[in-house]
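The structure appears below as structure tokens.
So you know, we letter chains A, B, ... as the sequences are listed, proteins then strands, and number each from 1.
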There are 2 protein chains.
Amino acid sequence: MQSNPTTYAEIHEYWAESSVEERMERFAKLPLADAQEFYRQLSTRHQFELLCQKNEREQTVWIRLLDPDDAADLLQEAEEDEQKRLLSLLDDNTRDDVQALLKYREDVAGGLMSPRFCRVRPDMTVSEALTYVRRQALEVETIYAVYVLDQAQHLLGVTSLRRLFTSEPPVKIESFMRSNVVSASVEADQEQLSRLFAEHDLIAIPIVDENNCICGVVTVDDIVDVVQEEATEDIQKMGGSEALGAPYLEISLLDMLKKRAGWLTVLFVGEMLTANAMAHYEDEIAKAVVLTLFVPLIISSGGNAGSQASTLVIRAMALGELRLSDWPRVMRRELISGALLGGILGVIGMLRIVLWEQAFHTYGEHYWRIGLTVSITLVGIVLWGTLSGSLLPFLMRRLRLDPASASTPFVATLVDVTGLVLYFSVARVVLGGALL
Amino acid sequence: MQSNPTTYAEIHEYWAESSVEERMERFAKLPLADAQEFYRQLSTRHQFELLCQKNEREQTVWIRLLDPDDAADLLQEAEEDEQKRLLSLLDDNTRDDVQALLKYREDVAGGLMSPRFCRVRPDMTVSEALTYVRRQALEVETIYAVYVLDQAQHLLGVTSLRRLFTSEPPVKIESFMRSNVVSASVEADQEQLSRLFAEHDLIAIPIVDENNCICGVVTVDDIVDVVQEEATEDIQKMGGSEALGAPYLEISLLDMLKKRAGWLTVLFVGEMLTANAMAHYEDEIAKAVVLTLFVPLIISSGGNAGSQASTLVIRAMALGELRLSDWPRVMRRELISGALLGGILGVIGMLRIVLWEQAFHTYGEHYWRIGLTVSITLVGIVLWGTLSGSLLPFLMRRLRLDPASASTPFVATLVDVTGLVLYFSVARVVLGGALL
């Protein structure tokens, strides 16, 4: 394997650049231990691809290398018939675990959890518990978080191997376990989970059903990937495309085009309204061509202000800093911000027009009226961009849509159309009797 | 405390909404154990604020609650004299640790690491090592990763408590320790660290100096926060403002305005070039007012295409999927994408103009020439937006600037000016002799 790639980036690059046949050939040349380590590090998609190239005997070996949660992810790549066949290759225990996981979506706690966790009883002593934990050590996802359950699997408390390790051997677990456990429901989505991890600095979070019976455990190392993934999805949506769902260089050109063309076309069709708005003011434009010179400047300023506001609000929502009920506070803040930011741009715009007129005599005798028109419009459009950019994500969430879809280009399009109407309306008033 | 807020969101909300005096009063009413737990959960800024309100005897109590890495973060909030005084309140051990941490920036491994880790010698047996680990258990950041060092603190290998726990007591550590250790330098930035964690699914990464001597350890629970923080910074920059550096509701309005006004003004000044570009074509506009109707549509399409491309590329760079040397591959991909996406919009644009002419007779006898002008420009501007949006982040990185500063609004501004020149140039050719 090309000087034996070991980091994700190297593996990834090699994998993306070579054909399936090349990958198989290189893979076959690896020493077994390396190949196994390597196989575990591959992305789910590539694990599946490799598996498909093997015969059933080999498939059994490779699929059994995976932990139940990884095996479940892999099976979700397969068609239904194929899924059944691959399931049958697993040993009985793992099959049960995997089937339980397959009931949940990949991005909720139930789909992320490992069903193999470390359990003790409340009336065990520390030394009994340590012996018991040691016996489970090779089977469970983590032995560092130890869950205290009753006979019916109700979650009574939690302790850590560290705590067990530093407590006196004859002490009972129930005397020091933490009974106020941070847990999450099987239906909790991965964004909620990652927030719990960030808040509480935990190694693992137990996942419980509606009766507070423990179903599995999610460990923090899985959550690092989840946090990255969530941020990536949000960023891609905010940039005005669908989430790619695969690394940039790995996704096929056709798939990438599909993800990008949709939104781009929708925005284009929306933006066509600007042509209608402009056509509506064709007479004014013909009389005062000078007005058109500032159209790009004005609409882009509204778009920029709106994109700042929507970005800040969308991210604050994703981090749990803003909730639906916070919209009046956000509106207040953005009203003030928008008015001040618009004021700044309005003053600069006025200066620009006055200075240019002095230097080049570009704008004719009514230049100060033109300046006034541009300035007033700038204050209005920046205010409008800021307000709509900050409130649209709240509307999205209210409608149970993803706030990140209130993307920069979406806000810009909205602001463009209304901005034109505003500009020409202000012009009619300010320039009425002069140019118009 | 307002029904005793326990989650970060609740604490945060309460803290943001009340005055310093209210906070102090509520805090004073908490039972001591709760107050301590609560204090540890506060953000560094709020920890510092509370500390400033206390007398020196109390300050000693509160600052000693913090782990060395948290204490170091807190001290970085203080002025130099104050920092010295607070340092003197720590016990000698912690003070040494904190002073070592203060040598590094907050966002590099040296500033994130805890200097308290679990160490063993290679020639210890498993049972000796377990006893030794147990003795260190109350002092170290994590006992789950156990580092094997020689007398001079060189990092020879790593093992885990789990492994120790499941090995035979008389076996020597060196016989099974992993000597190919994933480590990072004290100067490694937090983005690199988070990628290492995501690739290798580790609980902790040892931080080493240039001689491979271990200085400390960074644990995965700290990295969840780091990953969120990095994504937030990138998102805010990509939205066209500076990174806020504080939660949206918590940052003062004035500070927020400062972070937003700078870029907004720069973009506005850049966008003023559109007024120059338009002025340059004033004669054409006067002759064919109909041309201006499509100006917003055209420049926004370029901006949207560019913002998609730059967003995808910036994120892929942050995830380590794209390196500087990948730019030719990206350019190839974006050339094809841009041409096809531009083609789609061009066709829709042509259809729109032809249909509108049939229905409303808006555009006059030369409507098909106008349609052709718009379509050709759309292909060109989408291609140009896509190319510049995808390559600008590479240029930024090459200049050692943050690629995320190649923000959506920045690319849009760039594309707007060139787009206008393109549009009127195409118009001169296609409409020459007809309208122009």
Side-chain angles (χ1 to χ4, degrees), chain A residues 7-9 134 137 143-144 162 165-166 197-199 201 220-221 224-225 227-228 231-232 235 239-241 247-248 257 260-261 264 267-268 271-272 274-275 278-279 285-286 289 292-297 299-301 304 307-308 311-312 315-316 320-321 337 340-341 344-345 352 408-409 416, chain B residues 7-9 134 137 143-144 162 165-166 197-199 201 220-221 224-225 227-228 231-232 235 239-241 247-248 257 260-261 264 267-268 271-272 274-275 278-279 285-286 289 292-297 299-301 304 307-308 311-312 315-316 320-321 337 340-341 344-345 352 408-409 416:
Chain A
T7 69
Y8 177 74
R134 179 172 289 149
I143 62 167
Y144 304 137
R162 181 177 184 150
F165 208 61
T166 52
F197 273 106
E199 280 160 23
D201 283 356
V220 63
D221 49 304
V224 175
D225 304 339
V227 170
Q228 288 285 30
T232 302
I235 287 175
S241 71
Y248 176 86
L257 278 172
R260 287 163 71 166
L264 209 57
L267 293 169
F268 184 74
E271 192 74 30
M272 280 178 179
T274 57
M278 293 283 285
I285 296 174
V289 170
T292 61
L293 307 189
F294 302 102
V295 164
L297 181 64
I299 62 178
S300 72
S301 299
N304 290 345
S307 102
Q308 277 190 344
T311 305
L312 296 179
R315 185 59 184 166
E321 293 167 8
S337 303
L340 289 173
L341 292 172
I344 294 172
L345 298 195
R352 159 71 162 72
T408 309
D416 283 357
Chain B
T7 69
Y8 176 74
R134 178 172 288 150
I143 62 167
Y144 303 136
R162 182 173 183 156
F165 210 61
T166 52
F197 274 105
E199 281 159 25
D201 283 356
V220 65
D221 50 303
V224 175
D225 304 340
V227 170
Q228 287 286 30
T232 302
I235 287 174
S241 71
Y248 175 88
L257 278 172
R260 287 163 71 165
L264 209 58
L267 293 169
F268 184 74
E271 192 74 29
M272 280 179 179
T274 58
M278 294 283 284
I285 295 173
V289 171
T292 63
L293 306 189
F294 302 102
V295 163
L297 181 63
I299 63 177
S300 72
S301 299
N304 290 344
S307 101
Q308 278 191 343
T311 306
L312 296 180
R315 186 57 184 166
E321 293 167 7
S337 305
L340 289 172
L341 293 170
I344 295 172
L345 299 195
R352 159 71 163 71
T408 308
D416 282 357

Contact class of A:Leu345 relative to chain B, heavy atoms under 4.5 angstrom: both
Side-chain heavy atoms of B:Pro296 within contact of A:Val295, under 4.5 Å: yes
Top contributor to chain B interface from A:Asp416, A:Leu312, A:Thr408, A:Ile299 [non-hydrogen pairs under 4.5 Å]: A:Leu312
Region of A:Ala286 in contact with chain B, defined by heavy-atom distances below 4.5 Å: both
Among B:Arg134, B:Gln308, B:Arg352, residue most engaged with chain A (heavy-atom pairs, under 4.5 Å): B:Gln308
Top contributor to chain B interface from A:Asp221, A:Val224, A:Thr274, A:Leu297 [non-hydrogen pairs under 4.5 Å]: A:Leu297
Atom group of A:Leu340 that falls short of 4.5 Å from chain B, counting heavy atoms: side chain
Residue pair B:Arg162 / A:Tyr144, side-chain heavy-atom distance below 4.5 Å: yes
Interchain contact, A:Phe268 with chain B, by part (heavy-atom threshold 4.5 Å): both
Least distance between heavy atoms, B:Ser307 atom then A:Gly239 atom: OG-O, 3.1 Å
Which of A:Ala316, A:Ser300, A:Ser301 touches chain B most, by non-hydrogen pairs under 4.5 Å: A:Ser300
Nearest atoms (heavy-atom pairs only) where A:Ile344 meets B:Ala261: CD1-CB, 4.0 Å
When B:Ile143, B:Thr292, B:Ile285, B:Leu264 are compared by non-hydrogen pairs under 4.5 Å with chain A, the top option: B:Leu264
Among the listed options A:Asp225, A:Ile235, A:Val220, A:Val289, the residue most often paired with chain B at heavy-atom distances under 4.5 Å: A:Ile235
Heavy-atom contact with chain B under 4.5 Å, split by part of A:Arg315: side chain
Taking every non-hydrogen atom, the tightest pair across A:Ala137 and B:Thr166: CB-CG2, 3.2 Å
